[in-house]
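The chains referred to below are lettered A, B, ... by the order of the sequence lines, with proteins before strands, and numbering in each begins at 1.
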Amino acid sequence: MVQLISRAADELTTCLSTRSLNLYNMVQNDSHFTKKRSLYLMAKTGISPTRQEDYPAWYQQVVRAADLAENSPVRGCMVIKPWGYGIWENMQKVLDKMFKDTGHENAYFPLFIPKSFLEKEAEHVEGFAKECAVVTHHRLEPGPDGGLVPAGELEEPLIVRPTSETIIGHMFAKWIGSYRDLPLKINQWCNVVRWEMRVRLFLRTAEFLWQEGHTAHETKEEALEETRTMLDVYAQFAEEYMAMPVVRGEKTESERFPGADMTLSIEAMMQDRKALQSGTSHFLGQNFSKAQEIKFQNKDGGESFAWTTSWGLSTRMVGALIMTHSDDDGLVLPPRLAPKHVVICPVIRKDEERVTVMEYCESLKAEIAEVIYDGKPVEVFIDDSDKRGGEKKWYHIKRGVPIRVEAGPRDIQSNSVFVGRRDQPKSTGIDRSEFVATLVETLDDMQKSLYERALKLRTDNTHSFESFEDFSAFFTPKNAKNPELHGGFAECYFVDCPETDEMLKPLKVTPRCIPFSETEHPEGTCIFTGKPTRVRGVFSKSY
RNA sequence: CGGGGUGUAGCGCAGUCUGGCUAGCGCACCUGGUUUGGGACCAGGGGGUCGAAGGUUCGAAUCCUUUCACCCCGACCA
């Protein structure tokens, strides 16, 4: 796949440069354009192929160009590089605060889970067994061929956690004795392993980083409320920080978390109009508490099983961020999650200018660093690497730094700066003090406009359907050669049953969720089975 | 697990069919120079024993055998 993509990318590069050349010649011959060369350069994109040309290849290229992550020697596992990890760290900071504000505490549980623990909840086993990594030995000894061979076989194999319900449940059982111990609301930040065959950086890897919240409650109502609250936290995080609009809703039976009574999720539309499940919150009922004996003495002196929930959000969100905002020039970051907000590029042409220009930049940096954005000082840095002007600029464009500032002798003379916003194509000269004074406003505006742009994409590509025929046409690629960009979100009446799932299969479409609705829908007809129903769902292709 | 494909420099590839100069090319990297407000140019340079093992041969990246790894499609999973 990688080989194919890179081959395709190479071919595209060749054909792109031919196209650019033609464009250049065209422009050369057109007297209307005075700035021929700059127009020619504008036709070039930072990333090739473009989203339109080949979306999956574009995604890979953005990750690579922005230096976010790369494949590792370990099959299916990625290396997250500093710029990518910086985004994740910011996500963690925001979410961690939100969790604590809603009454949760962090703790840490083991990476390994005894096999017997996983076997306790039947549906849970079925859901995860095939993708578990198993540790069977604990010691290495020199082998006959000079290599090392595992020696000590474990009495009971250990599973590398695919999720921690079982081990955390086991501990909960010990910690909970009375209704006074409830609710118990715990979160952990950790890595998990799910042995996937297909891998895409951030979106699907064998090992990934996430947080998993686990709570136990006295009553069903309380646990249900927790499930909804945490979904709201995720939705708020997605919309306010990631600038990514999401649909909140309930999963259908077939998409439900193994072992859960109800799974809620937030679903976002990527720029290829496929859905990405971006965070899930599960109501586990008493399934896990019965399997693991999480019981307590209730107010009446009797014994009750606790009601539990779990909820998680992973580094997949970094992938969501990339696919929601980035363009054909590379990564675009919403300011509230950007590891750096402003890069200052000194423009030095002659050596004797160096001192003056650097002083100007240093003082500008100090001034910017005093500005408070979103409760913290603005993150600003100077790029004084000896790259050439254009190359340096493109470097930061591709990495998605929200604001680029160029400062050279000409700007110093007019006490101004030359500023480019990552979400807008043009750079402009602006008075230095005005730039600093309006910086927060600019970042806020950027955050807002990214959200609006993403919302517009989703609105424009969400349609309601009355018949399976129209529904089916919506999801049939118009262009077989480029099947990636088509379709979107489809809303319709449906009945959650095996017949529906069967009809969706050939279209490669899945029910994303049953969106929450303030009011009950009037009775309608399931477009798949023809049965009467009041349930409306959102359907789409998904990651 | 079934079908197909690929292993040659950090990355991407040519060379293999038809064995033969010192194993090439692009990008990246290093040095020097000229440049520098939108992705520079010129010159020079470093780096590979051709996935691994065995065989055929005067001679193997190239032919034969075995083996390993990876990739794609399907299945499976989300």
Side-chain angles (χ1 to χ4, degrees), chain A residues 1-14 16-17 20 35-48 56 60-61 64-65 70-76 126-132 145 147 162-163 194-200 203-206 208 251-252 254-258 263 265 267 274-278 280 314 316 319 329-330 345-351 353-354 357 386-398 404-414 416-420 425-429 505 508-512 541-543:
Chain A
M1 163 120 169
V2 170
Q3 276 182 347
L4 262 178
I5 283 178
S6 50
R7 200 172 301 163
D10 281 355
E11 277 167 23
L12 275 161
T13 314
T14 323
L16 268 176
S17 50
S20 305
K35 291 180 180 172
K36 294 167 189 168
R37 182 162 165 75
S38 69
L39 192 85
Y40 156 63
L41 286 169
M42 270 171 61
K44 281 177 77 176
T45 54
I47 301 295
S48 75
Q60 305 257 30
Q61 292 302 323
R64 190 155 86 169
E70 64 186 58
N71 282 313
S72 75
V74 186
R75 180 196 169 87
E126 205 183 317
F128 283 107
K130 284 178 210 155
E131 45 191 73
C132 283
D145 303 325
T163 177
R194 296 180 187 177
W195 212 256
E196 301 279 358
M197 297 314 281
R198 297 273 163 83
V199 169
R200 282 183 86 181
L203 298 176
R204 171 163 292 149
T205 47
F208 56 88
K251 284 288 189 189
T252 60
S254 58
E255 299 275 320
R256 201 177 285 158
F257 177 77
T263 288
S265 80
E267 303 281 332
K274 280 163 89 170
L276 186 73
Q277 176 178 303
S278 307
T280 46
S314 74
R316 184 177 234 207
D329 286 333
C345 302
V347 179
I348 300 162
R349 287 175 306 175
K350 300 171 204 145
D351 248 0
E353 292 169 354
R354 178 170 299 275
V357 172
D386 64 354
K387 287 195 196 78
R388 299 167 54 80
E391 196 188 347
K392 194 183 279 190
K393 185 190 134 179
W394 278 101
Y395 175 78
H396 295 295
I397 288 177
K398 285 189 273 200
R404 301 179 309 277
V405 175
E406 287 170 45
R410 289 215 290 269
D411 308 290
I412 296 176
Q413 254 183 0
S414 58
S416 64
V417 285
F418 197 67
V419 178
K426 279 186 182 170
S427 304
T428 47
K505 244 185 189 167
K508 297 192 171 176
V509 170
T510 48
R512 297 324 305 155
K541 298 192 179 178
S542 75
Y543 280 95

Minimum heavy-atom separation for [X] and [Y], please, with both atom names.
X: A:Thr510; Y: A:Ser542; value: OG1-OG, 3.7 Å
X: A:Pro56; Y: A:Arg200; value: CA-NH2, 3.3 Å
X: A:Phe257; Y: A:Thr263; value: N-OG1, 3.0 Å
X: A:Tyr543; Y: A:Lys274; value: CE1-CB, 3.8 Å

For [X], which contact category applies under a 4.0 Å heavy-atom criterion: base, sugar-phosphate, or nothing?
X: A:Arg410; answer: base
X: A:Ser427; answer: base
X: A:Lys398; answer: base
X: A:Phe418; answer: base
X: A:Gly408; answer: base

Out of curiosity, [X] [atom1] to [Y] [atom2], how far, rounded to the nearest 0.5 Å?
X: A:Thr205; Y: A:Arg194; atom1: OG1; atom2: CZ; answer: 10.5 Å
X: A:Gln60; Y: A:Ile47; atom1: CD; atom2: CD1; answer: 11.5 Å
X: A:Glu255; Y: A:Thr280; atom1: CD; atom2: OG1; answer: 11.5 Å
X: A:Tyr395; Y: A:Arg404; atom1: OH; atom2: CZ; answer: 14.0 Å
X: A:Arg354; Y: A:Ile348; atom1: CZ; atom2: CD1; answer: 4.0 Å

- Item | By side-chain hydrogen bond (donor to acceptor under 3.5 Å, both in side chains) - contacts of A:Lys251 (at least two apart) | A:Glu267, A:Gln277
Separation of [X] atom [atom1] from [N] atom [atom2], in whole Å?
X: A:Glu267; N: B:A78; atom1: CD; atom2: P; answer: 14 Å
X: A:Asp329; N: B:G39; atom1: CG; atom2: P; answer: 14 Å
X: A:Glu70; N: B:G12; atom1: CD; atom2: P; answer: 12 Å
X: A:Lys274; N: B:A78; atom1: NZ; atom2: C1'; answer: 12 Å
X: A:Phe208; N: B:A78; atom1: CZ; atom2: C1'; answer: 10 Å
X: A:Gln61; N: B:G12; atom1: CD; atom2: C1'; answer: 11 Å
X: A:Arg64; N: B:C11; atom1: CZ; atom2: C1'; answer: 7 Å
X: A:Arg404; N: B:G39; atom1: CZ; atom2: P; answer: 14 Å

Write out a two-atom table: protein N or O, nucleotide N or O from nucleotides 26-34 of chain B, distance below 3.5 Å.
none

- Query: Between B:C77, B:A78, B:G37, which nucleotide gets closest to the side-chain atoms of A:Pro409?
  - Reply: B:G37
- Note on the structure: The nucleotide from B:G37, B:G39, B:C77 with an atom nearest the side chain of A:Val347 is B:G37
Pick the [atom1] atom in [N] and in [M], then give their distance to the nearest Å.
N: B:C41; M: B:G19; atom1: C1'; answer: 42 Å
N: B:C27; M: B:A40; atom1: C1'; answer: 16 Å
N: B:G32; M: B:C71; atom1: C1'; answer: 43 Å
N: B:U16; M: B:C64; atom1: P; answer: 14 Å
N: B:A52; M: B:U62; atom1: P; answer: 10 Å
N: B:G15; M: B:G20; atom1: C1'; answer: 14 Å
N: B:C68; M: B:A60; atom1: P; answer: 26 Å
N: B:U6; M: B:U65; atom1: P; answer: 16 Å

- Any N or O donor-acceptor pair linking the side chain of A:Arg349 to the base of B:U35 at under 3.5 Å? no
- Can you tell me which stems RNA chain B forms when a stem means 3 or more consecutive Watson-Crick or G-U pairs under 3.5 Å?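 Stems found: B:1-7 with B:68-74, B:10-13 with B:24-27, B:29-34 with B:40-45, B:51-55 with B:63-67.
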- Examine B:A78: is either OP1 or OP2 under 4.0 Å from a nitrogen or oxygen in the side chain of A:Arg204? Give yes or no. no
- Closest-nucleotide ordering on RNA chain B, the 5'-leading residue of A:Gln277 and A:Glu406: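 Counting from the 5' end, the first nearest nucleotide belongs to A:Glu406.
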- Query: How do A:Glu255 and A:Gly46 order along RNA chain B: which one's closest nucleotide is nearer the 5' end?
  - Reply: A:Gly46
- Task: Using modelled atom types only, decide if a donor and an acceptor are shared between the side chain of A:Glu391 and the backbone of A:Lys387 within a distance under 3.5 Å.
- Result: no
